[in-house]
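Naming convention: chains lettered A, B, ... in sequence-line order (proteins, then strands); numbering from 1 in each chain.
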There are 2 protein chains.
Amino acid sequence: MNIGEASNASGVSAKMIRYYESIGLIRAPLRTDSNYRVYREDEVHVLRFVKRARTLGFSVEETATLLGLWQDKSRASAEVKDIAVGHIAALETKIAELQSMVKTLKHLAHCCGGDNRPDCPILDDLAGEHPHSKGH
Amino acid sequence: MNIGEASNASGVSAKMIRYYESIGLIRAPLRTDSNYRVYREDEVHVLRFVKRARTLGFSVEETATLLGLWQDKSRASAEVKDIAVGHIAALETKIAELQSMVKTLKHLAHCCGGDNRPDCPILDDLAGEHPHSKGH
DNA sequence: ATAGACCTTCCAATCATGGGAAGGTCAAGA
DNA sequence: TCTTGACCTTCCCATGATTGGAAGGTCTAT
């Protein structure tokens with residue numbers, strides 16, 4: 001299986017497969033005589049693992065740790081759970097931040113007429129002026 | 001007011017002030033004889049505007065547009081509202097994605113013993129195996 | 001043999017930000 | 001006046017994950 005097929009089979013682009021190899025996340029596969037990379041089924045399995053971890057928002061570094069734990073038959077599941085739980089906390093912090101932004105923006109958009117007059121509470125807020133505050 | 005004071009007054013780092021100037025987001029201020037940047041109050045005001053927009057998650061490019069609209073006395077508030085509303089939609093999409101990740105991870109973490117045994121549903125999921133599915 | 005769909009490496013760009021080097025400037029104190 | 005330390009300047013580099021592209025080699029089917 002060459003890199004294009006491995007890419008299709010795993011959902012990881014060929015570019016990224018080479019990149020992951022270059023940073024040591026995955027091992028360099030064997031090559032053909034003409035220097036093409038050849039992937040075995042288990043190597044594609046690793047790529048799918050990586051893809052899923054990245055999709056779940058783990059960084060490449062976290063993914064490397066998880067991959068190591070996956071391949072270590074004697075690891076404790078507690079270690080994996082710690083990483084997952086820490087990741088959940090980070091995601092929830094991020095979500096809260098975004099929700100706070102949305103809340104502010106919705107309030108501003110609600111107050112903004114969106115018509116052709118130049119009065120605009122959104123810009124007033126960005127500018128740090130609050131002359132139209134009507135307290136709702 | 002030199003760049004350090006402008007930085008303190010606006011919350012934008014000196015590094016970023018110079019960067020914003022280099023990409024044309026803000027105008028180059030006057031200089032002293034010794035080539036120091038000097039900021040006036042209205043320029044600090046612009047910096048605060050930029051800071052607030054960035055804090056609200058607008059990209060630098062969106063910020064540039066908003067800044068242009070802010071400084072254009074004849075602009076229509078509809079245009080500003082469109083940007084804000086589009087931005088809200090993008091943020092909500094991002095939030096939904098993150099929430100989906102959290103949901104999956106919480107389920108996996110819940111199923112994971114977190115003990116010293118190597119059995120780990122989290123890794124099984126990443127690996128694409130679902131042998132322990134008990135349907136809850 | 002040739003077309004075109006692969007593959008290879010290498011280099012660059014993205015976005016926003018921070019780090020740091022090498023050197024110039026200013027204000028306060030000895 | 002000289003020194004010290006805190007500022008300022010420009011310049012280049014690094015981050016993280018990914019994409020784009022150039023220049024060139026290889027494979028397959030016609």
Side-chain angles (χ1 to χ4, degrees), chain A residues 1-26 28-40 43-44 46-67 87 90-91 94 97-98 101, chain B residues 1-26 28-40 43-44 46-67 87 90-91 94 97-98 101:
Chain A
M1 203 187 307
N2 62 26
I3 202 170
E5 292 164 305
S7 171
N8 283 334
S10 66
V12 182
S13 73
K15 278 277 193 195
M16 289 312 297
I17 294 176
R18 293 192 198 97
Y19 171 71
Y20 289 151
E21 181 188 322
S22 80
I23 62 172
L25 177 63
I26 60 177
L30 294 177
R31 303 277 186 135
T32 63
D33 289 348
S34 53
N35 208 30
Y36 281 24
R37 289 170 178 82
V38 209
Y39 295 88
R40 294 182 316 241
E43 291 169 316
V44 172
V46 167
L47 288 173
R48 273 194 289 257
F49 183 105
V50 169
K51 176 68 181 178
R52 178 93 175 111
R54 299 285 303 116
T55 299
L56 284 173
F58 289 99
S59 69
V60 168
E61 198 167 350
E62 286 169 326
T63 302
T65 304
L66 291 170
L67 202 47
H87 188 53
L91 289 176
K94 187 77 187 162
E97 284 172 11
L98 293 176
M101 292 178 198
Chain B
M1 205 187 309
N2 62 27
I3 202 170
E5 294 166 304
S7 171
N8 284 335
S10 66
V12 182
S13 73
K15 278 274 191 196
M16 289 311 297
I17 295 176
R18 294 193 197 96
Y19 170 70
Y20 290 151
E21 180 187 324
S22 81
I23 62 171
L25 177 62
I26 60 176
L30 294 175
R31 304 277 186 136
T32 63
D33 289 349
S34 53
N35 207 30
Y36 282 23
R37 289 171 178 82
V38 207
Y39 294 89
R40 295 180 317 240
E43 291 170 316
V44 172
V46 167
L47 287 173
R48 273 194 289 258
F49 183 103
V50 169
K51 175 69 180 178
R52 180 98 173 102
R54 298 285 303 118
T55 299
L56 285 172
F58 289 100
S59 69
V60 169
E61 196 168 351
E62 284 169 327
T63 301
T65 304
L66 291 169
L67 200 48
H87 190 53
L91 289 177
K94 186 74 188 167
E97 283 172 12
L98 293 177
M101 291 178 200

Residues two or more places apart in sequence or in another chain: which of them pass side-chain contact (heavy atoms from CB on, under 4.5 Å) with [X]?
X       : result
A/Ser59 : A/Glu61, A/Glu62
A/Ala90 : none
B/Ser22 : B/Tyr19

Open item on the list: Quick check for you: to the nearest 0.5 Å, what is the distance between A/Ile26 atom CD1 and A/Arg18 atom CZ?
Closed with: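 Spacing of CD1 (A/Ile26) from CZ (A/Arg18) equals 11.0 Å.
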- [ ] For A/Glu21 and A/Ala28, work out which heavy atoms get closest and say how close.
- [x]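 Nearest pair, atom of A/Glu21 first, then A/Ala28: OE2-CB, 3.5 Å.
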Task: For A/Leu47 against A/Val12, the heavy-atom pair lying closest together - done: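 The answer is O-CG2, 3.7 Å.
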Open item on the list: For DNA chain D, which residues of residues 28-39 of chain B approach it to below 4.0 angstrom with any heavy atom?
Closed with: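 Going residue by residue through residues 28-39 of chain B, the ones with a heavy atom under 4.0 Å of DNA chain D turn out to be B/Arg31, B/Asn35, B/Tyr36, B/Arg37.
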Within this structure, what is the [atom1]-to-[atom2] distance between [X] and [N], rounded to whole angstrom?
X       : N      : atom1 : atom2 : result
A/Glu21 : C/dT9  : CD    : C1'   : 12 Å
B/Glu5  : D/dA6  : CD    : C1'   : 12 Å
B/Arg18 : D/dC8  : CZ    : P     : 7 Å
B/Ile3  : D/dC7  : CD1   : P     : 13 Å
A/Ile17 : D/dT18 : CD1   : C1'   : 14 Å

Task: Residues forming a salt bridge (Lys or Arg N to Asp or Glu O under 4.0 Å) with B/Arg54, sequence neighbours excluded - done: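 B/Arg54 satisfies salt bridge (Lys or Arg N to Asp or Glu O under 4.0 Å) with no residue once adjacent residues are dropped.
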Open item on the list: Keeping B/Thr63 on the side-chain end and B/Ala53 on the backbone end, is there a donor-acceptor pair under 3.5 Å?
Closed with: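 No.
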TODO: For nucleotides 12-23 of chain C, just jot down a letter per nucleotide in 5' to 3' order: B, S or -, based on protein non-hydrogen atoms under 4.0 Å.
DONE: ----BBSBB---
